[in-house]
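First up is the structure itself, then whatever we jot down about it.
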Amino acid sequence: MARAHAASACVQSDSIKGLAQSIAKPAYHRLLIAEPALRRAVPTLIVAFLITIFFGAFVQVVDQGRHKRASMKRDVSALADLLAERLDHIGTIRPERAASVERLQNLLPGFIPSWGIAAGRHVLVTGADGRILARVPIEAVLGDADRILDVISAAQLLTLPGQQGGVTDLILPNGGTALATLRLVKALPGQVIVIQEKVESLWGSDAALSVTLSATTGFVVLILGFAFHWQSTRAREGDLINDAVRGRIDTALNRGRCGLWDWDLSRGRIFWSQSMFTMLGLESRTDLLTFGEVNALVKSDDIDLFAIADQLISAKINHIDQTFRMQHTNGHWIWLRVRCELNQGAGDGLHLIGIAVDITEQKSLAEKTVEADLRLRDAIETIPEAFVLWDAEDRLVLCNSHFQRLHRLPESAVTPGTSYETVIEVGSMPEVRTRLQETSAQAPGARTFEAQLDDGSWLHISERRTKDGGYVSVGTDITRIKEHEQKLVDNDLRLRATVIDLKRSQTTLEAQAIELADLAQKYSEEKNRAEEANQTKSKFLANMSHELRTPLNAIIGFSEVMGSGMFGSLGSEKYAEYCHDILTSGHYLLEVINDILDMSKIEAGRMKLDLETLDLSTTLAESLRVVSGRADDKRLTLDTDIEGAVPIVADRRAIKQIIVNLLSNAVKFTPDGGKVTVRCRRRRNAVVLMIADTGIGIAPQALQRLGRPFEQVESQLTKTYHGSGLGLAIAKSLVKLHGGSMKLRSRLDTGTVVCVSLPRDAKVKAKVSAAA
């Protein structure tokens, strides 16, 4: 009965099987398909294997016996031929027959080679009369007389016609079998007889070994066959139990409006249980879904599966708890709450496993509740009366802005849960002046009265008890009604005062209108004048850049030619000195013009940054080489502390101009023998560059002015260092264009420290600034 019930539940377990398929290897799939055939084929294969083993053992035993007998016959025949040949040779070289016969017994053992000696083998030499002349082995024990007679009888059988020449099978008188052969020795004359008994014992041990091995192998195979049968039976029972459990799980998932998720992050495949397809109205599938198929159903505004996958793979998060919408086949959206955890399988890669619950009804109820609450609050807020609701423990539940305004309550006092005592303490509660007569028609606990506040306003207050023990209070402002009588009495005075006020207000408004018109006219004129001045400045700077750069380039070029003496010596050394002064002044003037143009571009917003990835340490090294000459002339020490490579995304020219301007100022304002220190540190999302010198320092009142165009510490009449005052302003503006900041700290006669903070990626900083 249990098996039948488990089998009936297999129909509902396809979705959980899909999860098993997502974990299993392809070889395991093929094994599941071939398992029924293997269960039927393995017993048959085992029986066939046992039959093959036993038949092979029998054939091997028979073949070993045949080969042993054939080998034994060859040895016996070869030994007989060898002995006959040697005896003939002895008889030929020794004519004295009597002496040879007497010594034959002694010579015969030496004629037998080592390979001719074997257990149960006898060699007999007989004369023409059948008498034994010699034999090996020599029987010296009387107890072996019967055995000797058997051998002799066998030798006599060989003398019969038809028994000479080949190797013959004999049956000894004692019933044993033997192999025997006979060769004639003409020199004696006589015969050589070789007899081999105990033939079966020579190969019986090999046969026993083969039979033993075959029997052992068959026994082991039988044990394996029984083990396979037992294991397959357990596997079938386990499959049935698993199918039943999976069916119950699927039933629970379907009834609970939830589904299983298994997201294989390494392969981009996602498993859904059957209940997931049912919730979305999709046709059930047993194969795995692709990431694209699932992502197409997800509302992109609610969740970004790509970003979540990236965070999971990079180990930034190890679980998710997200609420998002997925599209039903009918077109509407289903709200799901997915709670999954990252799991690292053995050899399966990263899997995000969890459950998705349909919360569409909860969302709908929550939205309706919120909508009803907002509608109620909006209705309470729009009524002109002051409204407040207290619970059974005299704690604030809800009030509108009229109640808050009338009682002058702060925001902290109108939060839900505030006690009545706190509201009384921080607010201005009404003072009861009169109370209306309560009627019998009112419910128990209800009351109606009028109250006057400290500011003189009047309220008509109605209170009613709620079913939960609290009460609701509605206060209507009746100040106008109370003041109506006074208004009627003072109506004429008020009207006259109102007319006078209106006339004054009209006069004031007319004067203000005339003044505003004049101000608008002046603003328009000043705006046009500023725009014209800005255009004139731009044109002037453009013309100046062209008109001044062209002669400056000629002056610089010709002064370089004259200074180098390309076309001959100038004569006096003063000319060379003057040429050097001209060249230096030309370069300085060109730098000033370039700084003015750069500053004008920055102020006009036309400075464009060419962002690229660069190594700030390399740019620092190049900038240090630019100012190293001037530093050497003043015997300054340039100390650098840079943490290896510092990658940054910025404008190469702008960054170099920032560093060169700051280093030039440090070298310029540092006395001879001083020290300039450059440090660069990497932070999480920024790079901090610090340039410190031991120069003259800056007064505190001058620090606020530095960084503005043409601002210098010294005045034009007292300054001892040349410069346009644009270097620091350009550097500060370029740092701001990159989204960074620049700070200065200085002390007179001690030195100055400039700290520049730049974002490591100016593109990201620009996007954040644009979004803000």
Side-chain angles (χ1 to χ4, degrees), residues 538 541-542 544-546 548-550 552-553 556 586-631 638 640 642 645-668 676 678-680 682 685-691 706-710 723-744 754-767 769-770:
S538 300
L541 291 175
M544 184 182 68
S545 66
H546 177 71
L548 293 180
R549 283 184 177 180
T550 301
L552 272 178
N553 290 331
I556 292 171
H587 279 298
Y588 174 71
L589 185 56
L590 184 59
E591 290 177 359
V592 172
I593 293 172
N594 289 333
D595 289 344
I596 293 174
L597 290 176
D598 289 341
M599 198 66 222
S600 65
K601 287 182 181 179
I602 293 173
E603 289 181 344
R606 296 197 302 269
M607 177 65 74
K608 302 296 182 182
L609 298 180
D610 185 12
L611 300 179
E612 60 176 312
T613 301
L614 55 91
D615 187 0
L616 188 58
S617 60
T618 304
T619 307
L620 281 170
E622 295 174 355
S623 303
L624 287 170
R625 286 195 293 270
V626 172
V627 301
S628 61
R630 284 176 282 175
L638 294 178
T640 59
I642 303 173
V646 184
I648 187 174
V649 177
D651 187 290
R652 186 182 299 274
R653 175 183 171 277
I655 293 298
K656 188 170 183 180
Q657 188 173 2
I658 293 170
I659 299 173
V660 170
N661 288 353
L662 296 178
L663 288 174
S664 299
N665 285 344
V667 172
K668 184 198 307 184
V676 177
V678 180
R679 290 190 179 92
C680 185
R682 287 177 291 183
N685 295 319
V687 175
V688 178
L689 174 65
M690 188 187 71
I691 300 176
L706 287 181
R708 302 174 186 173
F710 305 104
S724 61
L726 290 174
L728 194 59
I730 292 174
K732 186 174 182 180
S733 299
L734 291 176
V735 169
K736 287 185 177 180
L737 284 177
H738 281 82
S741 62
M742 185 174 72
K743 298 179 180 179
L744 281 81
V754 181
C755 184
V756 177
S757 178
L758 293 171
R760 300 186 68 174
D761 191 348
K763 296 179 181 178
V764 175
K765 190 68 176 179
K767 290 180 180 179
S769 300

Is any side-chain heavy atom of L662 closer than 4.5 Å to a side-chain heavy atom of M742? yes
At their closest point, which heavy atom of A650 faces which heavy atom of I655, and how far apart are they? CB-CG1, 3.6 Å
For residues I659 and E622, determine if any side-chain heavy atom of one lies less than 4.5 Å from a side-chain heavy atom of the other. no
Atom CD in E612, atom CD1 in I648: separation rounded to 0.5 Å? 11.5 Å
Would you name the heavy atoms of L638 and S628 that are closest together and state the gap between them? CD1-CA, 4.2 Å
Suppose we screen for side chain to side chain contact (heavy atoms under 4.5 Å, CB included). Which residues come up paired with T640, at least two apart in sequence or across chains? L624, V678
Rounded to the nearest 0.5 angstrom, the CD1-SG distance for I691 and C755 is 10.0 Å
Determine whether a donor-acceptor pair (N or O, by modelled atom type, separation under 3.5 Å) exists between the side chain of D651 and the backbone of L611. no
Drop me the distance from L609's CG to L737's CG, to the nearest 0.5 angstrom. 5.5 Å
Taking all non-hydrogen atoms of both residues, which atom of R652 and which atom of T613 are closest, and how far apart? NH2-O, 4.2 Å
At their closest point, which heavy atom of L620 faces which heavy atom of C680, and how far apart are they? CD1-CB, 4.0 Å
Which residues share a side chain to side chain contact (heavy atoms under 4.5 Å, CB included) with S664, sequence neighbours left out: V627, R630, V660
Please report the shortest heavy-atom distance between V735 and S757, naming the atom on each side. CG1-O, 4.3 Å
Could you tell me the separation between the NZ atom of K656 and the CG atom of L616, rounded to the nearest 0.5 Å? 12.5 Å
State, yes or no, whether a side-chain contact exists between D615 and V646 at a heavy-atom distance under 4.5 Å. yes
Please round to the nearest 0.5 Å and tell me the distance separating atom CG of N661 and atom NZ of K732. 14.5 Å
Where A645 and S617 come nearest, the two heavy atoms and their spacing: CA-OG, 3.9 Å
If you round to the nearest 0.5 Å, how far is CZ of R653 from CG of D610? 11.0 Å
Does atom CZ of R679 have more than 12 heavy-atom neighbours from other groups under 6.0 Å away? no
